[in-house]
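What follows is a short report on a single structure.
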Amino acid sequence: MQQLIEAIREDARETAAYTGRSEIDPRVLAAITRVPRDRFVPSAEADRALLDRPLPIGFGQTISQPFIVALMTDLLALQAGDRVLEVGTGSGYQAAVLAELGVRVRSLEIIPELASRAEALLAELGYAQVEVRVGDGWFGWPDAGPFDGIIVTAVATDVSPHLLAQLAPDGRMVLPLGAPGGFQELLLITREPDGQLSRRSVLPVQFVPLTGAH
């Protein structure tokens, strides 16, 4: 695990010119050390679980590179007790890292088999503060908002207005935006106290496409 943490730190230093930060919050790194990533990947990939790289989890989906998980989590600037919406549960790994920070996570997954698998694993590992629902993440989870943080783990060509409407004042949204298989950038969107939205491009990335009715 220490080698993985060092790889994340190295990636942070190497991308500092893009991200504006050369270090990841120690709280986020500590959260990553507490989550057994090998439990969130297929058994055939378990021996590569501690590499700083994305891995397939079935159904054409991936578990994100640990550095990207760390960076996106760090950008949310969460505090214990915050409410977070995750769009794209996948294996449940990102939700587990978020939960380790003491936040309440609502996570949406459009593929029922992945949602069921992630829900069972998160419960087994004791992440009772994570609630998983099958649904189209484009529309968010309006009856549980507003959210202090929203994290989207698949790429779309537009920002969902439904998600923006569920972002609380002083809340942050981190998401990839761009063309599937083409140029994509990681965006940080912040809702200012007066309700206005600000955007910042953070880093070029590559994510699987967001799927759904939109």
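As the structure is a computational prediction, the values presented were derived from the model and not from experiment.
- Side-chain atoms of Gln166 come within 3.5 Å of backbone atoms of Trp141 as a donor-acceptor pair (strictly under, hydrogens ignored).
- At least one donor-acceptor pair under 3.5 Å links the side chain of Thr33 to the backbone N or O of Ala30.
- A donor-acceptor pair is defined here as one N or O able to donate and one able to accept, closer than 3.5 Å; no such pair exists between the side chain of Arg83 and the backbone of Ala144.
- Applying the side chain to side chain donor-acceptor pair (under 3.5 Å) definition to pairs two or more places apart or across chains, none involves residues 153-164.
- Applying the side chain to side chain donor-acceptor pair (under 3.5 Å) definition to pairs two or more places apart or across chains, those involving residues 49-78 are Asp11-Gln65, Arg21-Asp74, Asp52-Gln65, Thr73-Gln94.
- Ionic pairing of Asp143 and Arg133 is present here: one or more N-O contacts between side-chain nitrogen and carboxylate oxygen are shorter than 4.0 angstrom.
- Listed by chain and number, the residues in a side chain to side chain contact (heavy atoms under 4.5 Å, CB included) with Arg39 are Pro36, Leu121, Glu124, Leu125 (sequence neighbours excluded).
- Counting only residues at least two apart or on different chains, no ring-ring contact (aromatic ring centres under 6.0 Å, His included) pair has a member in residues 49-92.
- Residues Ser91 and Val41 have side chains not in contact (no heavy-atom distance under 4.5 Å, counting atoms from C-beta outward).
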(request) Before giving the answer on side chain to side chain contact (heavy atoms under 4.5 Å, CB included), spell out for Leu177 and Val159 the whole-Å C-alpha distance, their side-chain angles and the decisive distance to 0.1 Å. (result) CA-CA 7 Å; Leu177 195 69; Val159 181; 4.0 Å; yes
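- Side-chain atoms of Arg37 and Ile32, non-hydrogen and from C-beta on, never get closer than 4.5 Å to each other.
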(message) Between Arg172 and Ile189, is the side chain to side chain contact (heavy atoms under 4.5 Å, CB included) condition met? List the steps.
(response) CA-CA 6 Å; Arg172 292 180 163 212; Ile189 299 177; over 6 Å; no
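- Within a 6.0 Å sphere centred on CZ of Arg200, heavy atoms belonging to other residues, nucleotides or ligands number more than 12.
- For the residue pair Leu101 and Ala31, the shortest heavy atom distance occurs at CD2-CB, 4.2 Å.
- The ring-ring contact (aromatic ring centres under 6.0 Å, His included) analysis of residues 85-133, with sequence neighbours excluded, yields the pairs Phe40-Tyr93.
- Using a 4.5 Å cut-off on side-chain heavy atoms (C-beta onward), Leu197 and Leu164 make contact.
- Annotation: side chain to side chain contact (heavy atoms under 4.5 Å, CB included) contacts of Pro161 (sequence neighbours excluded): Trp138.
- Residues Arg199 and Leu188 form no side-chain contact, since every pair of their non-hydrogen atoms from C-beta on lies 4.5 Å or further apart.
- Across every non-hydrogen atom of Ala115 and Val134, the tightest pair is CB-CG2, 3.6 Å.
- Arg13 has no carboxylate O lying under 4.0 Å from a charged side-chain N of Glu10, or vice versa, which leaves the two without a salt bridge.
- At a cut-off of 3.5 Å, with distance as the only test, a side-chain donor of Ser107 or Glu86 sits close to an acceptor on the other residue.
- Considering only heavy atoms from C-beta on, Pro169 stays 4.5 Å or farther from Glu192 through its side chain.
- Considering only heavy atoms from C-beta on, Leu75 comes within 4.5 Å of Leu186 through its side chain.
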(request) Apply the test side chain to side chain contact (heavy atoms under 4.5 Å, CB included) to residues Leu98 and Leu76: give CA-CA distance (whole Å), side-chain angles for both, the deciding distance (0.1 Å), then the verdict. (result) CA-CA 10 Å; Leu98 291 167; Leu76 288 175; 4.1 Å; yes
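- Considering all non-hydrogen atoms of both residues, Val130 and Ala99 come closest at CG2-CB, 3.8 Å.
- For Gln3, the CD atom counts as loosely surrounded, since its 6.0 Å shell holds 12 or fewer non-hydrogen atoms of other residues, nucleotides or ligands.
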